[in-house]
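To keep things clear, I will list the structure first and then write my remarks on it.
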Amino acid sequence: MSHSLAGPSKRLLCALLETQPRVQSRAQLPRRFLSTSTSTRPSPSPAHNHRPSPQCPRSSTIGQPLEQRRYKAKTVEEARSRYRTGPFSWKAGVLFVIAGCGLVWYFEHEKKRMQLRRIAEASKGVGKPKVGGDFELVDQEGGAFGSAGLKGRFSLVYFGFTHCPDICPEELDKMARMFDLVEAERPGALRPVFITCDPARDTPAVLKEYLAEFHPRFLGLTGAYDQIRDVCKAYRVYFSTPKDVPPGQDYLVDHSIYFYLMDPEGDFVEALGRQHSPEQGAKLILDHVKEWRGKLQ
């Protein structure tokens with residue numbers, strides 16, 4: 001009887017001992033596959049001499065974390081730095097700043113260019129008062145000079161008189177400085193013109209001697225009283241020169257203080273006042289010269 005019971009009991013005991021290590025190894029499988037550190041495989045039971053298969057089947061659920069944790073960085077710090085900075089780097093920032101500055105410069109340049117074009121075209125529009133016109137006067141050499149002689153290049157026209165005590169000398173010095181600045185960058189693009197408001201005293205010889213003190217390239221124009229009156233009216237210049245003054249009588253002349261910039265076609269472009277420094281005036285003139293698309297003679 002004892003032998004008959006011993007057989008089944010022995011088989012049951014062996015089955016229990018055989019299944020217990022397999023349950024433990026299965027419980028340790030998830031930790032072994034999910035852990036990043038090298039884990040030690042459990043030694044097989046000496047009683048059964050169990051050897052694990054060389055290739056353990058892995059389910060798709062267990063394999064996904066391994067694929068997601070792969071990265072090309074050499075160290076963990078490199079990977080952290082990459083994820084911390086995101087898709088931008090210092091090179092991308094420099095390129096962004098350079099591109100932004102270039103766009104700002106381009107739009108400012110185009111805005112300024114369009115503004116100059118509007119100023120130049122506004123004087124030619126319908127309903128605008130016309131500044132300038134045809135005239136026939138006499139230059140400082142005694143020869144005839146008309147408005148047609150101003151065409152072909154830009155002209156800077158100033159009205160004054162040689163007996164002016166202070167304003168005209170200051171403005172003529174300023175005119176000489178503006179002309180030199182423009183001439184240094186665009187030779188032959190500008191002609192400086194001085195038209196007297198006092199024709200009775202400003203003869204061609206007087207103009208020649210007077211203008212030579214400021215600049216040898218100045219063009220001086222004079223004429224009869226009616227001729228000067230007409231050209232002043234055409235340029236919208238106010239002057240208070242009395243007519244038929246007896247010779248030798250002293251008097252002062254009140255007049256407008258502006259430089260009139262005329263384009264190569266003889267049209268008015270812009271007026272420069274006393275608020276403009278020589279450098280500012282020269283820059284405005286050069287801007288209009290650079291925007292001119294025609295040919296300069």
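Counting begins at 1 with the first residue of the sequence.
Here the CD-CD1 distance, from Glu170 to Ile257, works out to 9.0 Å after rounding to the nearest 0.5 Å. Distance CD/Glu185 to CD/Glu183: 11.5 Å, rounded to 0.5 Å. Here the CG atom belonging to Leu284 is positioned 9.0 Å from the CG atom belonging to Leu261, to the nearest 0.5 angstrom. Rounding to the nearest 0.5 Å gives a distance of 8.0 Å between NE2 of His163 and OH of Tyr251. Here Phe145 contributes atom CZ and Asp139 contributes atom CG; the two are 7.5 Å apart, rounded to the nearest 0.5 Å.
Counting only heavy atoms from C-beta outward, the side chains of Ser256 and Phe159 never approach each other to under 4.5 Å. A 4.5 Å side-chain heavy-atom check between Arg191 and Phe179 finds every atom pair outside the cut-off. Taking the side chain as every heavy atom from C-beta outward, Phe259 and Tyr158 approach each other to under 4.5 Å. Side-chain contact check for Leu221 versus Thr196: every heavy-atom pair is 4.5 Å or farther apart. Contact of the Asp263 side chain with the His288 side chain is not registered, since no non-hydrogen atoms from C-beta on lie closer than 4.5 Å. In this structure, Ile195 and Val157 have side chains that are in contact, with non-hydrogen atoms separated by less than 4.5 Å. Counting only heavy atoms from C-beta outward, the side chains of Leu150 and Met262 never approach each other to under 4.5 Å. Under the 4.5 Å side-chain criterion, counting only non-hydrogen atoms from C-beta, Leu190 is not in contact with Val289.
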Is there a side-chain hydrogen bond (donor to acceptor under 3.5 Å, both in side chains) between Asp202 and Thr162? Walk through the geometry before answering. CA-CA 7 Å; Asp202 292 344; Thr162 60; 2.3 Å; yes

Could you check Phe194 against Leu211 for side-chain contact (heavy atoms from CB on, under 4.5 Å), going step by step and ending with a plain yes or no? CA-CA 8 Å; Phe194 176 84; Leu211 295 178; 3.9 Å; yes

Check step by step if side-chain contact (heavy atoms from CB on, under 4.5 Å) holds for Ile167 and Arg274. CA-CA 10 Å; Ile167 300 298; Arg274 303 195 68 185; 3.4 Å; yes

Start with the C-alpha gap between Phe135 and Asp230, add the side-chain angles, then the distance that decides, and say whether side-chain contact (heavy atoms from CB on, under 4.5 Å) holds. CA-CA 8 Å; Phe135 61 83; Asp230 292 342; over 6 Å; no

If you apply the rule side-chain contact (heavy atoms from CB on, under 4.5 Å), what do you find for His255 with Cys168, and how did you get there? CA-CA 10 Å; His255 60 89; Cys168 288; 3.6 Å; yes

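With a 6.0 Å radius and a threshold of 12 heavy atoms from other residues, nucleotides or ligands, Asp134 has its CG atom at or below the threshold. More than 12 heavy atoms of other residues, nucleotides or ligands shown are found within 6.0 angstrom of OH on Tyr235. No more than 12 heavy atoms of other residues, nucleotides or ligands shown are found within 6.0 angstrom of CD on Glu209.
Phe154 and Phe218 fall within the same hydrophobic cluster, where Ile, Leu, Val, Met, Phe, Trp and Tyr residues are linked whenever their side-chain heavy atoms come under 4.5 Å apart, directly or through other members. Hydrophobic clustering (side-chain heavy atoms under 4.5 Å, transitive across Ile, Leu, Val, Met, Phe, Trp, Tyr) groups Val131 together with Val231. Using a 4.5 Å cut-off between side-chain heavy atoms of Ile, Leu, Val, Met, Phe, Trp and Tyr, with links allowed through other members, Val245 and Val253 fall into the same hydrophobic cluster. Taken together through direct or relayed side-chain contacts under 4.5 Å among Ile, Leu, Val, Met, Phe, Trp and Tyr, Val237 and Leu252 form parts of separate hydrophobic clusters. Cluster annotation: Trp292 is connected to Leu156 through the hydrophobic network of ILVMFWY side chains, with a link wherever side-chain heavy atoms come within less than 4.5 Å.
Side-chain N/O atoms of Asp198 and Thr241 include no donor and acceptor closer than 3.5 Å. For Asp254 and Ser240, the side-chain atoms include no donor-acceptor pair closer than 3.5 Å.
The shortest non-hydrogen separation linking Gly133 to Ala234 is N-CB, 4.3 Å. Between Cys232 and Cys197, the shortest heavy-atom contact is SG-SG, 4.3 Å. Closest approach of Ala282 and Val182 over heavy atoms only: O-CG2, 3.9 Å. For the residue pair Leu296 and Pro264, the shortest heavy atom distance occurs at CD2-CG, 3.4 Å. Nearest heavy-atom pair, Pro242 versus Tyr225, reported as atom, atom and distance to 0.1 Å: O-CE1, 3.9 Å. Closest of all the heavy-atom pairs between Phe268 and Tyr260 is CE1-CD2, 3.9 Å.
No salt bridge links Asp180 with Arg177; every basic N to acidic carboxylate O contact stays at or beyond 4.0 Å. Taking the charged nitrogens against the carboxylate oxygens, Glu265 and Lys151 have no contact shorter than 4.0 Å, which rules out a salt bridge. The existence of a salt bridge linking Asp250 and Arg201 is confirmed by a sub-4.0 Å separation between a basic side-chain nitrogen and an acidic carboxylate oxygen. The pair Asp226-Lys243 meets the salt-bridge criterion, since a charged nitrogen lies less than 4.0 angstrom from a carboxylate oxygen.
Exactly one of Met178, Lys174, Met175, Gln280 qualifies for a side-chain contact (heavy atoms from CB on, under 4.5 Å) with Leu272. That residue is Met178.
Checking side-chain atoms of Gln227 against main-chain N and O of Leu137 turns up no donor-acceptor pair under 3.5 Å. Judged by distance alone, the side chain of Gln140 and the main-chain N or O of Ala205 form no donor-acceptor pair under 3.5 Å.
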